[in-house]
Enquirer: 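I have a structure I would like to understand better, so I am pasting it below and will then ask my questions one at a time.
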Number of protein chains: 6
Amino acid sequence: MRLLVINPNTTATMTEKIGAAARRVAAPGTEILAVNPGRGPASIEGYYDEAISLAGLLEVIGSRSDYDAVIIACFDDTGLDAARCLTDKPVIGIGEAAFHMAAMLSNSFSVVTTLGRSVPAISHNLARYGLAARCARVRASEIPVLDLEDPLSDASARIGHEVARAILEDRAEAIVLGCAGMTDLARALSQAHGLPVLDGVVCAVALAEGMVRLGLATSRLGGYAPPRFDKSAPVPPGRGPAP
Amino acid sequence: MRLLVINPNTTATMTEKIGAAARRVAAPGTEILAVNPGRGPASIEGYYDEAISLAGLLEVIGSRSDYDAVIIACFDDTGLDAARCLTDKPVIGIGEAAFHMAAMLSNSFSVVTTLGRSVPAISHNLARYGLAARCARVRASEIPVLDLEDPLSDASARIGHEVARAILEDRAEAIVLGCAGMTDLARALSQAHGLPVLDGVVCAVALAEGMVRLGLATSRLGGYAPPRFDKSAPVPPGRGPAP
Amino acid sequence: MRLLVINPNTTATMTEKIGAAARRVAAPGTEILAVNPGRGPASIEGYYDEAISLAGLLEVIGSRSDYDAVIIACFDDTGLDAARCLTDKPVIGIGEAAFHMAAMLSNSFSVVTTLGRSVPAISHNLARYGLAARCARVRASEIPVLDLEDPLSDASARIGHEVARAILEDRAEAIVLGCAGMTDLARALSQAHGLPVLDGVVCAVALAEGMVRLGLATSRLGGYAPPRFDKSAPVPPGRGPAP
Amino acid sequence: MRLLVINPNTTATMTEKIGAAARRVAAPGTEILAVNPGRGPASIEGYYDEAISLAGLLEVIGSRSDYDAVIIACFDDTGLDAARCLTDKPVIGIGEAAFHMAAMLSNSFSVVTTLGRSVPAISHNLARYGLAARCARVRASEIPVLDLEDPLSDASARIGHEVARAILEDRAEAIVLGCAGMTDLARALSQAHGLPVLDGVVCAVALAEGMVRLGLATSRLGGYAPPRFDKSAPVPPGRGPAP
Amino acid sequence: MRLLVINPNTTATMTEKIGAAARRVAAPGTEILAVNPGRGPASIEGYYDEAISLAGLLEVIGSRSDYDAVIIACFDDTGLDAARCLTDKPVIGIGEAAFHMAAMLSNSFSVVTTLGRSVPAISHNLARYGLAARCARVRASEIPVLDLEDPLSDASARIGHEVARAILEDRAEAIVLGCAGMTDLARALSQAHGLPVLDGVVCAVALAEGMVRLGLATSRLGGYAPPRFDKSAPVPPGRGPAP
Amino acid sequence: MRLLVINPNTTATMTEKIGAAARRVAAPGTEILAVNPGRGPASIEGYYDEAISLAGLLEVIGSRSDYDAVIIACFDDTGLDAARCLTDKPVIGIGEAAFHMAAMLSNSFSVVTTLGRSVPAISHNLARYGLAARCARVRASEIPVLDLEDPLSDASARIGHEVARAILEDRAEAIVLGCAGMTDLARALSQAHGLPVLDGVVCAVALAEGMVRLGLATSRLGGYAPPRFDKSAPVPPGRGPAP
C-alpha cells in the first residue's frame, strides 16, 4: 500500500524528517511517498500561511492517483476538508490523528505547540472535531517552526518544560506534540515524563494503514461530495461532475 | 469611507448584484467597491471551492490598501481568518454578520441555504463562532448557487417553502438566507412570512460601517497577528514581519 | 433617526456620561435620547438591582414611541428580553453589543467588570447568547460602579492591571469593558495595551443605527410576541392584545 | 417549618390550587403559606409578564421573615436569582425543582408547557441550570395559562397528546409539566402513560423541606451576595449593607 | 419509610459513619438501613474499584425488597444506572444528590475530593448529569479514602486548604465534599469558610425522603427498563422479563 | 502481535463470529485471541447487563498477560475505563473505535443499534468521549441482540431501513453499526446505501494494531493509574500497588 504524505510547506528538510518518521513505523509493504508542494509558504504558522498553502497542497492531491490514502502532515490539518472532496480514499490530518489516538489512551491530554499565534487554529480544530472537552489545554512553547530544524536551539528543553507544566497544572494524562517538526522528540519526552507523548505523523500512518486495510473510504455524501463541476480550476483526475 | 466587498467567486453578475445590494443600504458617504478575483471557481459550493478561491481572494486584499474595511461576500465566510491576518482593518464575513444580527432580533433562527453539501461548512462556522445554540437548523433548498441568477427558476418558491417549514418545525423566530446570491429575496420573504429575514450582505455593510466609525480594528495579538515573514507569497503592502 | 438610550439606574451623571459617549460616535442625523427612569436603584450591581430596575425601565419604553431603536445601557442587559416584547423596533443591550463586536475582531476576548458579584450574571448572559466559548474569562476589578464616577479613584489603574493579566493569562485578543460607566476608558486602554478594547455603549449605537437603516425589526414570533393582554400593567401604546 | 409559596401572578384561584397541592404533599409539621402579590400580571406568559411581576414578588419576600424557605411557584422561575439576594434561606423555583428531580429518575425528560411563546424562556433556564442536555424537548400544548383554570376546556386531553408524542418522538423517559397551573394533572397523566410525570410545585416542597432540615442556606458569596446598599428600594428586613 | 443506604465498599466503620450521618438528618419515621456488600474492595478509588464493587452492590439491591428508596453512598455514584434497572423505587447517588442541591444554592460550586485519580470519574459524572458547567473545578486533596477514618491524620486541614483555594481561585460559591468518608466535616467547614459545604450522604437522604413522599418512581421506559431476561445472573425478586 | 478480543457476554457463537471478523482484517502476523468470560449475561442490553458482565470481563484481563492489546467487543464499551487500570497495554472499545474512525471519514454519522433501551448508554458514551456533536442521531432498530444470530430474522432488512432514514432525515454521511453482532452486515449495507458503514470490531483491530506498532501505551497517570492495593480482588499479574 502507498501513503501519500504531504508536508504542505516547502521546506524540504522538514519533508524528509516527516518521511523518515513515517517510514520508521510503517508496516512491511507500506510505501511512504513524502512530498511537498513546489510553491507555498516555508512554514505554516497561523491562518494566513494555511490559506496560501492550499493551492499547492490540493494540486498535489489532484494531480496524482498513485496512492491508497493521503496524510496531511501539518498539525493545523490544513486543507483537510477540501482534500476529502478530491478523493474517496481516506485523508487524515496529523492533528486529528494524534487527538483521536490520545483520546483512547488517556482521560484528557494537553497539546504543546510552537507559537502562541497557532493556539486559536488548534483550538478551533479541536472544537470542530468534537474533542475540545478531551483537551485540557493548548500550550505554546513559543518556538518558531523552523527552529525545530536547528540542532543548536533549546527547543527540546522548552517543550519539556511545557510538558511538565501540563502534567502538574492541567492534570494532563497524555501529551500531543503540536507540530510535524516535533516528530523526533516524542519518544524521549515520553520516557522522561512517564506518560504517552503522541506525534501526529506516526499516528496518521497507523490510522491510514488501518483504514486502507479495512477498505474504508471517505464518504461521498454531503459535505465531502466531489466538486460539482469545473470552474476555472484543474479537474481532479478520475472525478467527473457530481449532482 | 470605503468598503471593499469581495465576492470570492468569479461570476461577475453575482458581484454586481451584491454590489447593488450593498449600495442600497450604505450610508451617505460610504463607497462600495464590489470586486471579484480574476481567477477561482465560478461559484462556491463546498469545501473544495472554498479552498481554491483563497489565493485569489487574499491577493485582492493584499494588493490594495484603499479601503476602510473588508467584507467577504460568500456565506461560508471563506478565508475570513486568513484575511484578518493581512490587515488590521475590520474584516467581516456575510455569514457571521447575519448570524450575529439575527441573534439580537430573535431567540433562535434557522438558515436556508442552497445545496445540502454546504450544510456541514455552515454548521462548522456556527460552532466556531459560538452561535450554534442560537441556530435551530440549517436547511438546504437544494438550489444550486447559479440557479439563483436565473429569473426563470423556481428558486424563490422553494426557498419560501423552507422558510415556512422553519417557522413551523424549528420554532425559528428569524431566518438567515444562506447565500450571497439570495440578497434580493430577503424583503419579500420577510413580508410574506411575517418574521425577520436576514441577508448577510446588507448586515455586513451595516456592521462594517459601524466598526469603521467607532475606530475598531482587528486584533493583532494571537491568532490574527500578521504573517511572520514572507515565504514565497506576495508581501501584503504596509505589513512587515512580526515577532 | 432617534435612539432611545436608557440607563436603567437613576444616577443622572452616569446617564449624561453615557449620552455623551453615544453622541460622540453617532452618525450625522442620529439623535440620542439619553434617559433614566425616575425610580429604581442608583446603580446595578447584581441580580436584585437588576430586578428592581425593571418596572422603571419598561415604563420608559412603554410610555414613548418617539424612537427608532432602544439601547439598554447596563452591561447586564437588564430587561432585554422583556423590552423586546414591548416593541418591534430593535432593542440592543450594551453587553451583547460588545460581545458580538468583539467576536468579529478577535478569536477570544476577556471581560473586565466591576465587582465579583456581577460575574455570574455576565457569565449567564454569555451562555444565553451562545458566546461563552468566545470569552476567555470574566474578570472583576473589584471597583464599585459609582467609584467610576469619582475622578480621584484608582479605578483606571486597576482596570488596566486586569487588562494586562487578561492578555498574559487568558490569551485574550480583545477586551470588553463590563460596565456602562467605563465608557470613557476604552480608547486609552486600547492604546496602552495594543489590542481592541470595546465599550458596549458605542457598540450598541453602531449596531442600532445599522439595524434601523436596514429596516430590521425584532421578531414578533415566539418568545418576543407582544404581551397577550393587559393584566394590571400599563398598556404599551400602539400594541393591542396578541393571539 | 414554614414554606412561603409565592405565586407571582395575581390570580387567587391559582394561588389556592397551588397551596392545596403543596399541602397535600407537605410533611407533618410543615406549614404552607401560599400567597400572591397584590399587584402584577394575572398570568405569566413570557418575558414581559415575568419582568412586571418582579417588584410585587420581591416585595413579598423582602417584607416578611416568617418563613424557613421560599418557593417561587411559576414555572419560569421568575425572579429566582434576585430573590436569593434577599435571604439566605433556601429559595427554590418550581421549574428547577422539577428539572433536578426528573434528572434523577430518567435518562432524559421532555417538558410540556402552555404556549409556544414560553418555550424560549424555559429553554434558557435549562441552559442556565446546566440541564439542557437532559431535556429532550420543550413542547407547547398551546393552552393559555388561565384556560387551565377552566374545567370545561380540553386542556387535559391536549396535554396528554403532547405526553404521548414526547414518549414516541423524543424518547422521553419522564415528563415535566411546564406550568404551576397543571399541578392537578400529574398523577393521572403518569398512570395513563406509564412514566413519571413531575409537577414542579410538589417537587419544590420536597426539596425545600429537605434543605431546611439539613440546615442548608443560599450562598452569600458572589452572585447571591445581599444588595450592597439601599438605592431607593425598600430595605429587606434584617439585611444591612454588604461589602 | 425505609431507606436502603449502601456503602459499596466493605469497610464497616465507614458504613457505620455513613449510617450515623444519615440518621442524624432523617425525618421522624424514616428508618435508615446502612449496609455494605460482603465482598468487594475496601475502598473505591478509581474506575477499577468501582467496577469490582458492582456485583456485590447489585446483589444487595436485588436480594431485598424491604425499602422505599436506595441510596448509593459512594461519591462516584457507582452502579447508579444499573441499580435503577433493578427497581422502580427511587435510586439516588450521593454524588448527584450533592451536585443537584449545590446547583440550587449557588451559581457555581467546586468539588473537593480525595486522590487525583478520582478526578476524571467525577468529571465524567458531572458531564453525564449535565451539571459540568455548574462546577467550577474538581479539586483533589490527595488524601486516601481510608485516611479519613484516621483521627490523627491531617485530612481536615488539607481539605480546608482546598476549600479556601476554591473560594479564591475558582469563585466557588459552595463546596461539595467528594467522598462519603468526609460526611463529618461539612458543618465545621461551612462555618469556618462562610459558604455552603455539602455532603452527599445527607443530601441524598433528603432527596430520597422527598421522592418517596411524592410517590415518584424511577422511569421504566428506555434506559432503565428492567433487564430483559435472566442470563446466568441472579433474578431480581419481583421483576420478570420485560419486552 | 496478539490481540485479546473479549466478548463480555457468554454467547460463544457471537464470540466466534467476532473472532472471525477480526481475523479477516488482521494484518499478517497478528494473532486474534477471541474469548468470552465463563460467567455473566448471555447478551448485553442495557446498564444492568453491562454491570454484571464486569467481574468476568476484568478477570479475563487480569488473569492473562499474553497479549499486546485488548479489545472489548461490546458496543457499549463495557468496563473500558476499569480495564485500562489493569494494564498499560492499549485497551480499545469497539464503540469508541467506530466513532473515532467515522469522525475521520464523514462530517457526521448516525448510529444504528439494537433496542431502544441501549440508546441512553450509547449517547452517554458519545458525550463522554467528546464526540456527541459528531453523531447526528442514535437510532434503534428494535432488534434484540440474539436475533442477530438467527439467520431467519428480518434483522438485516430492518437495519437497512434505519440506514436509509439516517441518510434522509439525519443528513448522516456515515453509519456506525451499534452492536458487535452486526459485524457481518457492514459491507453489504455500505454497498447498498453508498456510504461508509462501520463495524466496531474491525475498526478496533486496526486501531489496536496501529497502537501496538507505534509502541503506544495507556497512560498510568491520573484516572488510569493501577489500583492502589488489593482489596479482596484478584491481584492483576505484574502490577504492584501504586502511590
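Below, chains carry the letters A, B, ... as their sequence lines are ordered, and counting in each starts from 1. These numbers were taken from a predicted model, which means no experiment stands behind them.
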Enquirer: Check C:His100 against B:Leu131 and note the closest heavy-atom contact, atom names and distance.
Expert: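 C:His100 and B:Leu131 have their closest heavy atoms at CE1-CD2, 4.3 Å.
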Enquirer: Do you know which of C:Ala27, C:Gly222, C:Gly210 has the most heavy-atom pairs with chain B at a distance under 4.5 angstrom?
Expert: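 The candidate making the most pairs under 4.5 Å is C:Ala27.
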Enquirer: For each of C:Asp81, C:Leu207, C:Val202, tally heavy-atom pairs with chain B at distances under 4.5 Å, and name the one with the top tally.
Expert: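 The candidate making the most pairs under 4.5 Å is C:Val202.
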Enquirer: If you measure from OG on B:Ser219 to CG on C:Leu195, what distance do you get to the nearest 0.5 Å?
Expert: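 Taking OG in B:Ser219 and CG in C:Leu195, the distance rounds to 5.5 Å.
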Enquirer: For B:Leu214 and C:Ala206, which heavy atoms make the closest approach, and how far apart are they?
Expert: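 What the structure gives for the nearest pair is CD1-CB, 3.9 Å.
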Enquirer: Given a strict heavy-atom distance threshold of 4.5 Å, which part of C:Leu80 is in contact with chain B: side chain, backbone, both, or neither?
Expert: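 No part of it gets close to chain B.
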Enquirer: Do you know which of C:Val197, C:Leu216, C:Ile92 has the most heavy-atom pairs with chain B at a distance under 4.5 angstrom?
Expert: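 Looking at each of C:Val197, C:Leu216, C:Ile92 in turn, C:Leu216 comes out on top.
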Enquirer: Between the main-chain N or O of B:Met104 and the side-chain N or O of C:Glu96, is there a donor-acceptor pair closer than 3.5 Å?
Expert: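 Absent.
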Enquirer: Checking heavy atoms, do the side chain of B:Arg128, its backbone, both or neither come under 4.5 Å from chain C?
Expert: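 For B:Arg128, backbone and side chain are both near chain C.
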Enquirer: For side chain to side chain contact (heavy atoms under 4.5 Å, CB included), just list the numbers for C:Leu105 and B:Met211, CA-CA rounded to whole Å, side-chain angles, deciding distance to a tenth of an Å, and then say yes or no.
Expert: CA-CA 10 Å; C:Leu105 297 167; B:Met211 288 183 183; 3.9 Å; yes
Enquirer: Kindly compute the distance separating CG (B:Asn107) from CZ (C:Arg84), expressed to the nearest 0.5 Å.
Expert: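 If I round to the nearest 0.5 Å, the distance is 8.0 Å.
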Enquirer: Contact part of C:Val205 toward chain B, heavy-atom cut-off under 4.5 Å: side chain, backbone, both or neither?
Expert: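 No part of C:Val205 comes within 4.5 Å of chain B.
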Enquirer: Do you know which of B:Leu198, B:Asp199, B:Thr218 has the most heavy-atom pairs with chain C at a distance under 4.5 angstrom?
Expert: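 Greatest number of close heavy-atom pairs with chain C: B:Thr218.
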Enquirer: Could you pull out the closest heavy-atom pair between B:Leu221 and C:Ala172, with the gap in Å?
Expert: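 B:Leu221 and C:Ala172 have their closest heavy atoms at CD1-O, 4.2 Å.
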Enquirer: Which one, B:Ser108, B:Ser190, B:Ser106, leads in non-hydrogen pairs under 4.5 Å with chain C?
Expert: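 Winner by heavy-atom pair count: B:Ser106.
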Enquirer: At a heavy-atom separation under 4.5 Å, does B:Ile167 approach chain C through its side chain, its backbone, both, or neither?
Expert: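 For B:Ile167, the side chain is the part near chain C, not the backbone.
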Enquirer: Checking heavy atoms, do the side chain of C:Arg134, its backbone, both or neither come under 4.5 Å from chain B?
Expert: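 Interface part for C:Arg134: side chain.
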Enquirer: Grab the two heavy atoms, one from B:Arg213 and one from C:Val25, that are nearest each other, plus how far apart they are.
Expert: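 What the structure gives for the nearest pair is NE-O, 3.4 Å.
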Enquirer: Is there a side-chain contact between B:Glu209 and C:Glu209 in this structure, where contact means two heavy atoms from C-beta onward sitting under 4.5 Å apart?
Expert: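 B:Glu209 vs C:Glu209: side chains apart.
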